[in-house]
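Residue numbers start at 1 and run along the sequence shown. Quick note: numbers below take in every heavy atom, side chains included, and nothing from hydrogens, waters or symmetry partners.
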Amino acid sequence: MDKFNLWSCVSFSTCWPRWRKAAPEIRVTLRTGDPEHLTAQVVAGELDAAVIGAVDPRLPAGPAGQRLPATLASSEIAAEPLVIAVPSGHPLAQVAETAVSDLRGEKIVTLTRGTGLRAALDAACAEAGYTPEISVETDDLVVLAELVGRGFGVALLPRSAAAGPWPSLTMIPLRQPAPHRLMTLIWRRDRLSALSRAFLELTGSLVP
């Protein structure tokens with residue numbers, strides 16, 4: 001039984017109806033995890049494919065900004081702009097747009113190290129000339145958004161996550177050029193079953 005781990009439910013839901021129509025008998029197992037862990041599972045053959053969050057194009061694609069192992073092939077399937085999320089009532093909630101440099105001195109809520117989003121935050125802050133002051137770390141994007149809404153700090157978030165049902169959270173666009181989160185599909189170059197190949201062709205990652 002082929003196993004597919006898609007880290008982004010948004011990306012998965014986009015191709016799921018077509019995949020079910022093409023292979024109605026398939027059973028899909030969804031797993032979540034940080035990019036480094038998922039990458040290691042694909043390398044080990046425990047997973048046929050995974051979608052990981054990579055960082056800005058200015059850095060090498062891969063987990064935490066590192067290059068992917070040579071045994072893996074990859075295909076960028078989505079790029080989503082990052083935004084600043086602040087609790088309602090925060091001074092930045094009144095501005096039309098902001099920059100990562102405006103977060104200097106702010107308490108920041110973020111994901112744990114080893115994730116694409118954390119790598120993007122660290123890289124953006126380094127480019128702005130400072131080290132982020134981390135107040136809370138979590139491995140869950142939903143919990144991260146909730147923590148911001150409860151006033152634990154501000155955050156750099158994917159736009160889709162910040163636009164969720166968070167009445168106490170305000171999303172602020174970043175001035176261009178804004179960092180993006182890249183969603184990258186990875187798989188083993190030398191271990192591709194017929195079903196895996198069909199899935200990759202469906203996502204446009206492979207040419208039939």
So which atom in G149 and which in S168 form the shortest heavy-atom distance, rounded to 0.1 Å? O-OG, 3.3 Å
Given the rule that I, L, V, M, F, W and Y join up when any side-chain heavy atoms are under 4.5 Å apart, are I108 and F152 in one cluster? yes
Contact between S88 and L169 at the side-chain level, heavy atoms closer than 4.5 Å - yes or no? no
Please check: side-chain N/O of R118 versus main-chain N/O of T112, any donor-acceptor pairing under 3.5 Å? no
Rounded to the nearest 0.5 angstrom, the OG1-CZ distance for T131 and R104 is 9.0 Å
Could you measure the distance from the CG atom of L121 to the CZ atom of R113? Nearest 0.5 Å is fine. 9.0 Å
Taking atom CZ as the centre, does R150 end up with more than 12 heavy-atom neighbours from other residues, nucleotides or ligands that are less than 6.0 angstrom away? no
By side-chain hydrogen bond (donor to acceptor under 3.5 Å, both in side chains), E133 pairs with (sequence neighbours left out) K107
Contact between T39 and E36 at the side-chain level, heavy atoms closer than 4.5 Å - yes or no? no
Strictly distance-based, threshold 3.5 Å: is any side-chain N or O of R189 a donor or acceptor partner for the main-chain N or O of A70? yes
Donor-acceptor under 3.5 Å (T184 side chain, S75 main chain): no
Here the gap from D140 atom CG to L147 atom CG, rounded to the nearest 0.5 Å, amounts to 9.5 Å
Please determine whether residues L92 and I134 belong to a single hydrophobic cluster, defined as Ile, Leu, Val, Met, Phe, Trp and Tyr linked transitively by side-chain heavy-atom distances below 4.5 Å. yes
Under a 3.5 Å distance rule, please check whether R188 uses its side chain to pair with a backbone N or O of V43 as donor and acceptor. yes
Indicate, with yes or no, if V148 and L103 share a hydrophobic cluster defined by side-chain heavy-atom contacts under 4.5 Å among Ile, Leu, Val, Met, Phe, Trp and Tyr. yes
What distance do E80 atom CD and R159 atom CZ have between them, rounded to the nearest 0.5 Å? 6.5 Å
Does one hydrophobic cluster hold both V136 and L157, with members joined at side-chain heavy-atom distances below 4.5 Å? yes
If you round to the nearest 0.5 Å, how far is CG of L117 from CG of D122? 9.5 Å
Taking the side chain as everything from C-beta on, heavy atoms only, tell me whether C125 gets closer than 4.5 Å to L156. no
Residues pairing under side-chain hydrogen bond (donor to acceptor under 3.5 Å, both in side chains) where one sits in residues 94-103, two or more places apart or in two chains, turn out to be T98-D102
One should read off an interatomic distance between S74 OG and L185 CG, to the nearest 0.5 angstrom, of 8.5 Å
State, to 0.1 Å, how close A93 and P87 come at their nearest heavy-atom pair, and which atoms those are. CB-O, 4.3 Å
If you compare all heavy atoms of A79 against all heavy atoms of E76, which two are closest, and at what distance to 0.1 Å? CB-OE2, 3.9 Å
Common cluster, I172/L174, ILVMFWY with side-chain heavy-atom separation under 4.5 Å: yes
